[in-house]
Asker: 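Quick one: the structure is below, and I'll ask about it shortly.
Convention: sequence-line order gives letters A, B, ...; per-chain numbering from 1.
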There are 2 protein chains.
Amino acid sequence: MLLANADIDNSQGLTERQKAVLDAALRLLVEEGDQLTMTAVARRASCSKETLYKWFGDRDGLLTATVQWQASKVRVAPVDGKGLDLASLTASLERFASDWLKVISSDTSIALNRVAVSHAGSGKDNLGAVVLENGRFALARRLKPVLEAGRQAGLLDFADAETAFRTFFGLVARDVQIRLLLGDRLELTEATIGGDAVRATQQFLALFGAKTGPQGL
Amino acid sequence: MLLANADIDNSQGLTERQKAVLDAALRLLVEEGDQLTMTAVARRASCSKETLYKWFGDRDGLLTATVQWQASKVRVAPVDGKGLDLASLTASLERFASDWLKVISSDTSIALNRVAVSHAGSGKDNLGAVVLENGRFALARRLKPVLEAGRQAGLLDFADAETAFRTFFGLVARDVQIRLLLGDRLELTEATIGGDAVRATQQFLALFGAKTGPQGL
DNA sequence: GCCGAACCGTAACGTACGGTACGGCTGTTG
DNA sequence: CAACAGCCGTACCGTACGTTACGGTTCGGC
């Protein structure tokens with residue numbers, strides 16, 4: 001919860017030059033995997049290693065700053081919970097599903113999650129927590145109000161928003177993320193993602209849609 | 001598909017001493033994270049580094065052998081698809097769900113998946129493919145016959161077994177694996193797993209159960 | 001124009017670790 | 001017993017990389 005606004009603060013305290021350096025590090029991370037050496041970052045960013053150490057302390061600091069910098073960039077437009085009919089709710093859910101699939105299948109997300117998973121394997125769990133906070137938990141924070149609004153409007157029926165969210169998460173992501181992280185080729189075209197978003201939303205509504213009137217499949 | 005029987009061959013060509021060494025490596029992997037140095041393995045297994053290199057070639061060979069050795073150990077009892085009524089199908093699905101949750105939440109699985117994800121980030125994707133083949137794809141191979149039998153018996157209704165499997169996978173695993181890999185504490189007690197298995201199975205049946213007669217929730 | 005701060009490029013240092021070599025011990029074979 | 005193979009323990013080598021140090025350059029302030 002503290003991390004939620006921490007990432008906002010971070011993007012403020014950075015100079016343009018520092019942001020450019022972090023962008024270079026991010027690009028390098030995506031391209032080269034975790035062979036992210038300080039020398040490579042310095043060369044790519046056209047800065048000296050001395051500067052890297054002065055700004056970010058050590059390698060972990062640079063890694064953390066890079067992840068948080070990326071996290072601060074992907075601020076998804078919040079969905080307005082104004083239209084409370086079934087059509088708009090469906091559209092919102094499909095939008096969430098589609099956005100999420102695009103995120104987790106992006107090269108950036110895969111690279112970041114890989115380095116965070118590796119990091120969590122070693123002692124310090126900083127990166128894992130940051131990625132989790134800006135990924136899965138941020139998604140929950142944005143989606144839950146929509147679910148609650150849907151319940152308020154009599155469109156959804158669930159006891160616990162957290163449980164409902166996790167089911168939606170599972171229906172959307174399925175095995176995609178773990179397969180991508182493990183190196184499985186898995187071409188997710190725009191069309192595939194769109195279809196999956198619709199399917200997941202329909203399944204979710206079938207499970208949690210309010211039983212008012214006949215439920216058309 | 002070739003990897004499917006490769007892991008069977010491997011457990012045969014190993015001497016008892018070699019298995020003991022791999023067990024030591026596996027324990028070290030679980031305890032120490034990816035700080036798996038050749039020296040540490042040699043010390044833990046009370047063998048010389050020279051022997052490690054003679055038997056496994058290089059560090060990657062040792063890692064791969066360790067992962068395959070673990071994979072060859074977790075051969076889950078196949079479910080018999082004989083009882084074709086709803087009760088036994090439900091029991092089978094719950095059993096699969098429960099087993100899978102236990103696997104992905106085990107320290108061993110977490111450690112192995114972490115190292116495989118890291119490995120996939122670096123060039124070679126060997127470990128990722130091995131883990132995927134013995135994890136997610138092995139599960140699909142075992143579960144699909146059950147689903148097909150359920151459809152044959154008129155209990156399930158789906159067009160594509162792969163799609164149905166992936167939905168089941170999503171309903172069972174949800175966000176558990178990624179959270180654990182990223183270092184999130186997530187106590188999965190026996191009771192929690194059992195409850196989740198029942199819930200996931202009920203949700204799956206609600207989505208894919210044949211529409212014969214009124215569907216009781 | 002001069003000073004100091006910030007920064008670039010690069011050289012240098014220390015260490016960790018993958019990989020190799022070798023001496024010594026043990027069990028086996030003839 | 002002698003010869004030998006297999007293996008343990010350890011010392012050693014080369015390299016990659018994190019980290020530090022330093023000379024040279026740019027630039028804002030006086």
Asker: Measure from the side chain of B:D58, starting at C-beta and using heavy atoms only, and say which of C:dG18, C:dG19, C:dA11 lies closest.
Answerer: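 Out of C:dG18, C:dG19, C:dA11, the nucleotide with an atom closest to B:D58's side chain is C:dG19.
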Asker: Taking the side chain of A:E50 as its heavy atoms from C-beta onward, which of D:dC8, D:dG23, C:dA11 lies nearest to it?
Answerer: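 Side chain of A:E50 sits closest to D:dG23.
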Asker: Could you state the atom-to-atom distance from NZ of B:K54 to P of C:dT20 in whole Å?
Answerer: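 The answer, rounded to whole Å, is 13 Å.
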Asker: Find the distance B:E32:CD to C:dA16:P and express it as a whole number of Å.
Answerer: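 My rounded result for the distance is 15 Å.
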Asker: Which nucleotide wins on minimum distance to the side chain of A:K49, given the candidates C:dC8, C:dC17, C:dA11?
Answerer: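 Looking only at side-chain atoms, A:K49 lies closest to C:dA11.
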Asker: Using side-chain contact (heavy atoms from CB on, under 4.5 Å), reason through B:Q70 and B:V67 one step at a time and then give a plain yes or no.
Answerer: CA-CA 5 Å; B:Q70 164 64 15; B:V67 171; 5.9 Å; no
Asker: List the atom of B:Q68, the atom of B:V130, and the distance in Å for their closest heavy-atom pair.
Answerer: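 Smallest interatomic distance, heavy atoms only, reads CG-CG1, 3.8 Å.
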Asker: Using the side-chain heavy atoms of B:C47, tell me which of these nucleotides is nearest: C:dC17, D:dC8, C:dC8.
Answerer: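 Among the listed nucleotides, the one closest to the side chain of B:C47 is D:dC8.
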Asker: Just to verify, what does B:F204 make a ring pair (Phe, Tyr, Trp, His ring centres under 6.0 Å) with, not counting sequence neighbours?
Answerer: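 Partners of B:F204 by the ring pair (Phe, Tyr, Trp, His ring centres under 6.0 Å) criterion, ordered by chain and then number, come out as B:F168, B:F208.
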Asker: Applying side-chain contact (heavy atoms from CB on, under 4.5 Å) between B:L127 and each of B:L132, B:T64, B:L112, B:T66, report the one that passes.
Answerer: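 The passing option is B:T64.
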Asker: Provide, to the nearest angstrom, the distance between the CG atom belonging to A:L52 and the P atom belonging to C:dG9.
Answerer: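 So the two atoms are 11 Å apart, to the nearest Å.
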Asker: Count the heavy atoms belonging to other residues, nucleotides or ligands that lie under 6.0 Å from CG of B:D107, then report whether that count exceeds 12.
Answerer: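 Open.
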Asker: Going by the side-chain hydrogen bond (donor to acceptor under 3.5 Å, both in side chains) test, which pairs reach into residues 110-121 of chain B, not counting sequence neighbours?
Answerer: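 Of all non-adjacent pairs touching residues 110-121 of chain B, those that pass side-chain hydrogen bond (donor to acceptor under 3.5 Å, both in side chains) are A:S118-B:S118, B:S109-B:N113.
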Asker: Round to the nearest Å and state the distance from B:R59 atom CZ to D:dT15 atom C1'.
Answerer: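 Answer to the nearest Å: 16 Å.
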Asker: Compare side-chain N and O positions of A:W55 against OP1 and OP2 of C:dA6 and report whether any pair is under 4.0 Å apart.
Answerer: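 No, outside the criterion.
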Asker: Shortest non-hydrogen contact from A:W100 to A:R136?
Answerer: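 That would be CH2-N, 3.8 Å.
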Asker: How long is the line joining CD of A:Q35 and C1' of D:dC17, in whole Å?
Answerer: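 Atom CD in A:Q35 sits about 12 Å away from atom C1' in D:dC17.
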Asker: If each of B:R43 and A:Y53 is mapped to the nucleotide of DNA chain D with the nearest heavy atom, which maps nearer the 5' terminus, i.e. the 5' end?
Answerer: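 Its nearest nucleotide lies further toward 5', so the answer is B:R43.
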Asker: Do any of residues 111-119 of chain B sit with a heavy atom less than 4.0 Å from DNA chain C, and if so which?
Answerer: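 The answer is none.
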Asker: Which of these nucleotides, C:dC7, D:dC8, C:dG9, is closest to any side-chain atom of A:T51?
Answerer: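 Nearest listed nucleotide: C:dC7.
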Asker: When the nearest nucleotide of DNA chain D is assigned to B:A42 and to A:M38 on a heavy-atom basis, which residue is associated with the more 5' position?
Answerer: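 Nearest-nucleotide comparison on DNA chain D picks B:A42.
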